[in-house]
Structure formats: C-alpha cells, structure tokens
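Beneath this line is the structure, given in structure tokens, with notes to follow.
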Amino acid sequence: MKKLLDASLWKFLLVGVGNTLLSAVLMFALEGLGYWPSTAIAYVAGAVMSFFLNRYFTFRSREIFWRSAVKFALNVAVCYGAAYALAQPLAAWVLAGSGIPPLWQERLAKMGGMCLYTALNYLGQRFFAFASSAPGKDGV
C-alpha cells in the first residue's frame, strides 16, 4: 500500500500554489471581460494546468490519457460537491453559540470548505484519478 504522506503530497501542494498564482494572474488580466468570464477562464486554465502537472509531475501516471482525464474531472466534481455541501452545515454546528458574527461564520465555512476540498482532491487524485502511478519510484 502506498504511504499517504510522501513526496507526492508536497508536489501536489506545490502544483496547487502554481495553480492559484496562474488563476489569479489570469483573473486580473482578463478583468475587462467581467467577473464571470474572467473567473471561468482562470478556473478552467488552472484545472488544465493542475491535470497535466499532477498527472506527469506529482503522480507520474501511466494510465490512458482520456481515462485519467475523465477520472480527474469526476474527482474534482465530487470533491467540490462534498466539500461545499458539508462545509457550511459543519461550520454552523461547530460554531453554534460561539458568538462569532454570521459574516465570519460564513467566511470560516468557506475556508473550511477549501481545506476539505484540497484534502479530498489529493486523496481522489492519488487513489482514483492517477492510481496507476508506480509507488516507490523517483521518490513517489
């Protein structure tokens, strides 16, 4: 069985930082198009970059390209759905009676959702989307 915490986790997080930087640059560069178009283009470009870097750099997958692409897209959809369906009710339950204003509870729920998404996405990419990687090769 693969170790959960190894070089692939750090590579995954590094790809995430690069993805965030690319997305931010694109969003701000395309501001003239409006909020939704600039954000959509940035997210799609970030997802494409994430797919290729995680496929070839992080997990070194040798699976058939289209199969891993479909599994990657499915993983992302499931992770978003799970993270954001759970984050707000979980934050409301944890913060009930805390005295934290509703705006800050919402912000904490969003941050929690992002963390949950990242954790689920790593697990999904590692054990589902790019599961055909060779454990133990090249530090992975």
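Residue indices begin at 1 and follow the sequence shown. These numbers come from a predicted model, not from an experiment.
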So do [Y] and [X] actually touch side chain to side chain, heavy atoms under 4.5 Å?
| X | Y | answer |
| --- | --- | --- |
| Ile100 | Arg107 | no |
| Phe128 | Val78 | no |
| Ser98 | Gln105 | yes |

How far does [atom1] of [X] sit from [atom2] of [Y], to the nearest 0.5 angstrom?
| X | Y | atom1 | atom2 | value |
| --- | --- | --- | --- | --- |
| Leu90 | Leu116 | CG | CG | 8.0 Å |
| Leu22 | Met27 | CG | CE | 9.5 Å |
| Asn19 | Leu13 | CG | CG | 12.0 Å |
| Phe59 | Phe127 | CZ | CZ | 8.5 Å |
| Tyr122 | Tyr117 | OH | OH | 15.0 Å |

Worksheet item: Are Met114 and Leu21 linked, directly or through other ILVMFWY residues, by side chains that come within less than 4.5 angstrom of each other?
Response: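 Unlinked, Met114 and Leu21 end up in two clusters.
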Worksheet item: Does one hydrophobic cluster hold both Leu26 and Leu53, with members joined at side-chain heavy-atom distances below 4.5 Å?
Response: yes
Worksheet item: Is there any side chain to side chain donor-acceptor pair (under 3.5 Å) pair reaching into residues 67-95, and which pairs are they, with sequence neighbours excluded?
Response: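 Counting only pairs at least two positions apart or across chains, the side chain to side chain donor-acceptor pair (under 3.5 Å) contacts touching residues 67-95 are Arg55-Ser68, Glu63-Lys71, Asn75-Asn121, Gln88-Glu106.
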Practice prompt. Mark yes or no for whether Thr20, through its side chain, and Gly16, through its backbone, hold a donor-acceptor pair below 3.5 Å.
Written response: yes
Worksheet entry | Single hit among Phe65, Phe57, Trp66 for ring pair (Phe, Tyr, Trp, His ring centres under 6.0 Å) with Phe51 | Phe65
Worksheet entry | Nearest heavy-atom neighbours spanning Trp10 and Asp6 | CD1-O, 3.5 Å
Practice prompt. Check whether the ring centres of Phe130 and Tyr56 lie less than 6.0 Å apart, and answer yes or no.
Written response: no
Discussion item. Centroid separation under 6.0 Å, is that true for the rings of Phe72 and Phe52?
Written reply: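 Phe52 vs Phe72: aromatic centres not under 6.0 Å.
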